[in-house]
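By convention in this document, chain letters (A, B, ...) are assigned in the order of the sequence lines, proteins followed by strands, and residues within each chain are numbered from 1.
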Amino acid sequence: KAGVTQTPRYLIKTRGQQVTLSCSPISGHRSVSWYQQTPGQGLQFLFEYFSETQRNKGNFPGRFSGRQFSNSRSEMNVSTLELGDSALYLCASSSPAGVNTGELFFGEGSRLTVL
Amino acid sequence: GQNIDQPTEMTATEGAIVQINCTYQTSGFNGLFWYQQHAGEAPTFLSYNVLDGLEEKGRFSSFLSRSKGYSYLLLKELQMKDSASYLCATNNNAGNMLTFGGGTRLMVKP
């Protein structure tokens, strides 16, 4: 069974640009969550999508947005990039049984560097 | 709001037992989780406690006291491969919106 797949794995952008990250959940998983991980702030929740609807949203500015498609694949977008957006962006999916338990399966992440 | 505290670093010896503590304050509670993260890798799920008591899973056990806002992860028969960061997290509502602590970096020495 394939795991959670995130693309791209690494990318470098400059301030002011925008970026789109993609996540394909484990087959059959309908909940997709996004987290930002930095050395200083640790893992922070961005948003969660379930059946194409945003179910939860963290405390990030509106520059951070996301969506989920009918096949459960998800994308997140960051516009007007700032240096502080440099981080590892992790996507996680959960099974129907674990959809409300927080048992998440994480992808390897997309490491974004903003110069 | 939510606040989760856990030690930043711990060191233990191969074959020994180590307990990683986690205290939390939340406005709601729907479960406590432990995740393991090796350097450069994705976090992996270890355990989930929603009721008070001890949950045992092989060499790893997790304990929860909701009244005290306290949990611990117990690792027995430590192996070198257990060197990793251990993340405590709470779920405070419906869905998968987890709040993570800063993580405890465990170093296992021979």
Side-chain angles (χ1 to χ4, degrees), chain A residues 2-6 9-10 23 25-26 29-51 53-60 66 68 72 74 87-111, chain B residues 1-9 20 22-24 26-51 55 57 60 62 64 66 71 73 84-106:
Chain A
V4 177
T5 304
Q6 292 188 245
R9 290 293 312 281
Y10 303 91
C23 172
I26 293 172
H29 289 194
R30 293 163 60 193
S31 167
V32 173
S33 306
W34 289 90
Y35 289 81
Q36 181 196 65
Q37 187 171 35
T38 59
Q41 299 296 320
L43 265 169
Q44 292 186 288
F45 175 81
L46 281 158
F47 23 66
E48 179 197 6
Y49 288 88
F50 181 77
S51 295
T53 300
Q54 187 179 86
R55 182 157 70 163
N56 286 298
K57 188 177 188 305
N59 296 321
F60 279 81
Q68 186 180 33
S72 294
S74 177
L88 180 67
Y89 290 88
L90 291 163
C91 169
S93 69
S94 67
S95 69
V99 70
N100 289 318
T101 65
E103 181 178 351
L104 304 178
F105 296 83
F106 282 89
E108 295 294 321
S110 293
R111 183 165 295 282
Chain B
Q2 293 87 37
N3 189 41
I4 299 176
D5 290 315
Q6 51 182 130
T8 304
E9 284 190 356
I20 302 174
C22 170
T23 58
Y24 64 90
T26 68
S27 55
F29 184 80
N30 194 33
L32 186 132
F33 307 83
W34 286 94
Y35 280 81
Q36 179 192 59
Q37 187 175 26
H38 286 99
E41 298 182 11
T44 55
F45 171 83
L46 287 178
S47 69
Y48 166 55
N49 294 69
V50 66
L51 300 176
E55 294 282 341
K57 192 185 293 185
F60 292 5
S62 57
L64 174 66
R66 289 174 296 171
S71 173
L73 179 69
S85 287
Y86 292 86
L87 305 166
C88 174
T90 60
N91 188 353
N92 308 310
N93 62 1
N96 291 311
M97 180 177 175
L98 299 190
T99 299
F100 282 87
T104 298
R105 185 182 171 195
L106 174 66

message: If you compare all heavy atoms of F106(A) against all heavy atoms of A42(B), which two are closest, and at what distance to 0.1 Å?
response: CB-CB, 3.8 Å
field: L87(B) portion near chain A, given a 4.5 angstrom heavy-atom threshold
entry: side chain
Non-hydrogen side-chain atoms of N96(B) and F50(A) separated by less than 4.5 Å: no
query: What part of Y35(A) is in contact with chain B, defined as an atom under 4.5 angstrom from a non-hydrogen atom: side chain, backbone, both or neither?
result: side chain
- request: Please name the pair of heavy atoms, one in E48(A) and one in M97(B), separated by the smallest distance, quoted to 0.1 Å.
  value: OE1-N, 4.2 Å
query: What's the spacing between E103(A) CD and L46(B) CG if we round to 0.5 Å?
result: 10.5 Å
Non-hydrogen atoms of Q37(B) and Q37(A) that approach each other most closely: OE1-NE2, 2.9 Å
task: Measure distances from L43(A) to the heavy atoms of chain B and classify the residue's part below 4.5 Å as side chain, backbone, both or neither.
output: both
